[in-house]
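Only one structure is covered here, and it is reproduced in the block below.
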Protein chains: 2
Amino acid sequence: MRRTKGTPRRRSQQRERILELLKSTDSHPTANWIYARLRRDFPALSMGTVYRNLAVLAEQGLISRIGFGSTFDRFDANTGHHYHFICDHCGTIVDLDLPVDESLNGRVRAAAGLEARSHDIQFRGTCASCARRIVSNRS
Amino acid sequence: MRRTKGTPRRRSQQRERILELLKSTDSHPTANWIYARLRRDFPALSMGTVYRNLAVLAEQGLISRIGFGSTFDRFDANTGHHYHFICDHCGTIVDLDLPVDESLNGRVRAAAGLEARSHDIQFRGTCASCARRIVSNRS
DNA sequence: GTTCATGCAAATCGTTTGCACAATG
DNA sequence: CATTGTGCAAACGATTTGCATGAAC
């Protein structure tokens, strides 16, 4: 949107309603759901506005995008149950050789009454080679 | 691809090489990486073939797609650390009120030497309303 | 020879972006 | 009034699909 550095963000009806809407629900809406919902108040609303505002809100830490982090589908021939480590810097995904804790599924039943059949864990951090690169580039 | 029910799947050079390639690596390739790699052996290979075969292999349980399960980005105004339950049937995502186990990050360091800063867990199963629907439709 | 798998290209889907105009401070 | 935010439409990138031809069995 071409912003000159340092200029403060302006408020907008649309952005405020998007945040309010997200705060009012415990579902995890898609952009399209928000769009459909807000069209009642702003008949001319566009998807571009929805996406732009979601990006701003996420950048401000007021909301978070949930997902795997990668834009691409990724495939794995290791079909056994295992956890993943994802590097925040280079996006590399590493299979972890960590014992899988199947008792976690039972904890979900105890806490929420939901029957969890399986679970996945993604750890996030900096992989070894990125850590090395970052240390050596320290300014 | 228009398959008449019950007809057996035929083998294909391309599919076998895709599986072999996935088994030979511990990275978690994207479709495009596989495509580029296999083009050496099949100069006329098309992306359509890659995607079709990945779908077949996944359907046969020989590989798995890793990701959040949803095609769409989803947004959440609950920015505190929490785990998710995803219903396999309807895709609903539920925030879990489960204690977050920060010690898991340390276990990754101990086991793999990787510095995990955070982690996410997605439990999968059938949500309450889908479970009800399925029981009542039992044939 | 029948039916499935491939290659190609066009279509689709979610998301992003350029531009002229409206809203904000 | 200077600059951001919006709406619109076109662009984009990943994935999917229709169709004619080639491969499997």
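Below, chain A is the first sequence line, B the second, and so on; all start at residue 1. Just so you know, these numbers come straight off a predicted model, no measurement behind them.
Between A:T7 and D:dT4 there is a side-chain N or O to OP1 or OP2 distance below 4.0 Å. Distances shown here put every side-chain N or O of A:Q13 at or beyond 4.0 Å from the OP1 or OP2 atom of D:dT6. Taking 4.0 angstrom as the limit, B:T49 places none of its side-chain polar atoms (N or O) nearer than this to OP1 or OP2 of C:dA5. An OP1 or OP2 oxygen of C:dT6 is reached within less than 4.0 angstrom by a side-chain nitrogen or oxygen of B:S12. Contact between the side-chain N/O atoms of A:R3 and the OP1/OP2 oxygens of D:dG5 is found at a separation under 4.0 Å. Between C:dA5 and B:R52, no contact under 4.0 Å exists linking OP1 or OP2 to a side-chain N or O. In this model, the phosphate group of D:dG13 is not approached by any side-chain N or O of B:N32 to a distance below 4.0 Å at OP1 or OP2. Side-chain nitrogen and oxygen atoms of A:Q14 include none within less than 4.0 Å of the OP1 or OP2 phosphate oxygen of C:dA23.
Distance, B:L57 CG to C:dA5 P: 11 Å, rounded to whole Å. Rounded to an integer number of Å, the gap from CG of A:L45 to P of C:dA23 is 14 Å. Summarising the geometry, the separation between CH2 on A:W33 and C1' on C:dC13 is reported as 21 Å, rounded to the nearest angstrom. As a whole-Å value, the separation of B:L54 CG from C:dT6 P is 11 Å. When rounded to the nearest whole Å, the span between CD of B:E16 and C1' of C:dA5 equals 13 Å. At whole-Å resolution of the value, CZ in B:F42 and C1' in D:dG22 are 14 Å apart. At whole-Å resolution of the value, CZ in B:F72 and P in D:dA14 are 18 Å apart. The distance between atom CE of B:M47 and atom P of D:dT17, rounded to the nearest whole Å, is 14 Å.
By the 4.0 Å N-to-carboxylate-O rule, B:R124 lies close enough to A:D120 to be salt-bridged with it. Salt-bridge check for B:D88 with A:R117: passed, with a basic side-chain N closer than 4.0 Å to an acidic carboxylate O.
Take the nearest nucleotide of DNA chain C for B:F75 and for B:A44: the residue whose nucleotide is more 5' is B:A44. Projected onto DNA chain C by closest heavy-atom contact, B:P43 and B:T71 fall at different nucleotides, the more 5' of which corresponds to B:P43.
Distances from the side chain of A:R11 to the nucleotides D:dG5, C:dG25, D:dA14 place C:dG25 closest. Relative to the side chain of B:R65, the nucleotides D:dG7, C:dC8, D:dT16 differ in distance, and D:dT16 lies closest. Candidate nucleotides D:dG5, C:dG7, D:dG7 were compared by shortest atom distance to the side chain of A:R15, and D:dG5 ranks first. Of all nucleotides listed (D:dA14, C:dC8, D:dT3), C:dC8 comes nearest to the side chain of B:R39.
Within the nucleic acid shown, A:T30 has no heavy atom closer than 4.0 Å to any nucleic acid atom. Using a 4.0 Å heavy-atom criterion, one finds that B:D73 contacts the sugar-phosphate atoms exclusively.
A pairwise comparison of heavy atoms in B:H81 and B:H119 identifies NE2-O, 2.7 Å as the closest pair.
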**Q.** Steps toward salt bridge (charged side-chain N to carboxylate O under 4.0 Å, His left out) verdict (A:R17, A:E20)
**A.** CA-CA 5 Å; A:R17 289 286 291 117; A:E20 188 185 319; 3.2 Å; yes
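Proximity of A:I66 to A:H28: side-chain heavy atoms (C-beta onward) are separated by under 4.5 Å at one or more points. Proximity of B:L54 to B:L22: side-chain heavy atoms (C-beta onward) are separated by under 4.5 Å at one or more points.
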